[in-house]
Amino acid sequence: MAVAKHDTGQAPTPAAAMATAAVRSLSPYAPGKPLSELQRELGLTDIIKLASNENPLGPSPRAVAAMQAALPDVWLYPDGSGHELKTALSRALQVSPAQITLGNGSNDLLVLLAEAFLTPEMSSVYSQYAFAYYHLVSRATGAQERVARALPLDSAMPLGHDLDAMRELIDASTRLVFIANPNNPTGSWAPEARVRAFLRSVPAGTLVVLDEAYFEFARSSGCEDAVPWVHEHPNLVVLRTFSKAYGLAGMRVGYAVSHPDVADVLNRIRPAFNVGHVSMAGAVAALADAAHVAAGVTLALEGREFFNAELPKLGLHVVPSAANFVLVRFGANAMQVFDALLRAGIIVRPMHGYGLPEYLRISCGTPEQNTRLVRALGAILGKGGRAS
Ligand SMILES: *Cc1c(COP(=O)(O)O)cnc(C)c1O
């Protein structure tokens, strides 16, 4: 569905046609529409973006100051070992620096994991409606992909990961299992006891990649910090990011916590300077400002409550979420609603790429932004009107 800008419908130039079959079969990831693009297209100025689950509070002022202070040094290559950030993380997480691998966002770590562990003979396992990168990074290696059907809409965890079904797909060829907890784009989550039982059941030679990009928003929903579990499970990799709760999506910093042997493998293929100097300085300072993170989480949870209360009044079904966004069912006219919202200066995220064409994903913004979205939807759908 996502067509590259250069796609002319003609055969690619011979050199490009020589890319591996696996890579040629990929569609590029379709990110949320950037503010500047909508500005250019519609000439609008007062635009809000509720499309990429960013933190509307922005980064900690301490992180901004640290990044500014780091600027004069950018002529030097960054510290390739990420010593300062790893030391800060190791203190905060109670793990050794040797258990941490830094990434250019946690997506970078997904790429490294796939490169290190997948071949066309191997398989990866993930859930239907799971974060799109699990497919992308697996597919690029030519590995077999095994996709477990998601839990049904009328279950206790609508569209969530069915860990039992995922377990059944694991065999001796399975090198990576991806679990997003909570998951994007569904917002669904798996409680601690379930994830723990799953980990105990997985063979020692299969890595479980537990992607906790939204972990900070999910504690009140019963998601536990999985980092301490790496001490019991040498085949567990926990992924975290500074892009969401820490408000540093533009800086591209993520990390993996794993057994040191797994970190050692990742470090062999990690480009030495994959995280920039300014980014690491910002992350260190952001990590130290727990109050700022807490404020962002509170704001997001209030936004989620507001959407949970207001959107059903418009006849919309909101999928239960433990993250800083909600997946909302609009029915057959979801794309018309998406376009109408764009014209109203509000960017949300279409979901057809995820096989959820009747849905839009809406990130929690500031109270003003959330109210503006609900008002705009009310106007688009007709007062109290039903979608579809
Ligand atoms: C946003 C997100 C990430 C984080 O990506 P970064 O590369 O760290 O910005 C990872 N996993 C999921 C499920 C996400 O939604």
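Read the numbers this way: they start at 1 and go in the same order the structure lists the ligands and their atoms.
Scanning for side chain to side chain donor-acceptor pair (under 3.5 Å) contacts around S221 gives an empty result, with sequence neighbours left out. Evaluation of the side chain to side chain contact (heavy atoms under 4.5 Å, CB included) rule for A263 yields T101, S258 as partners, not counting sequence neighbours. Legend: residues meeting side chain to side chain contact (heavy atoms under 4.5 Å, CB included) with R139, ordered by chain and number and at least two apart, are S25, L26, H135, E145.
In this structure, the ring of F131 has its center no less than 6.0 angstrom from the ring center of F178.
Sorted by chain and number, the heavy-atom contacts of ligand 1 below 4.0 Å come from G105, S106, N107, F131, N184, D211, A213, Y214, T241, S243, K244, R252.
With 3.5 Å as the limit, one finds a donor-acceptor pair spanning the side chains of S123 and T174. Side-chain atoms of Y134 and D211 include a donor-acceptor pair closer than 3.5 Å.
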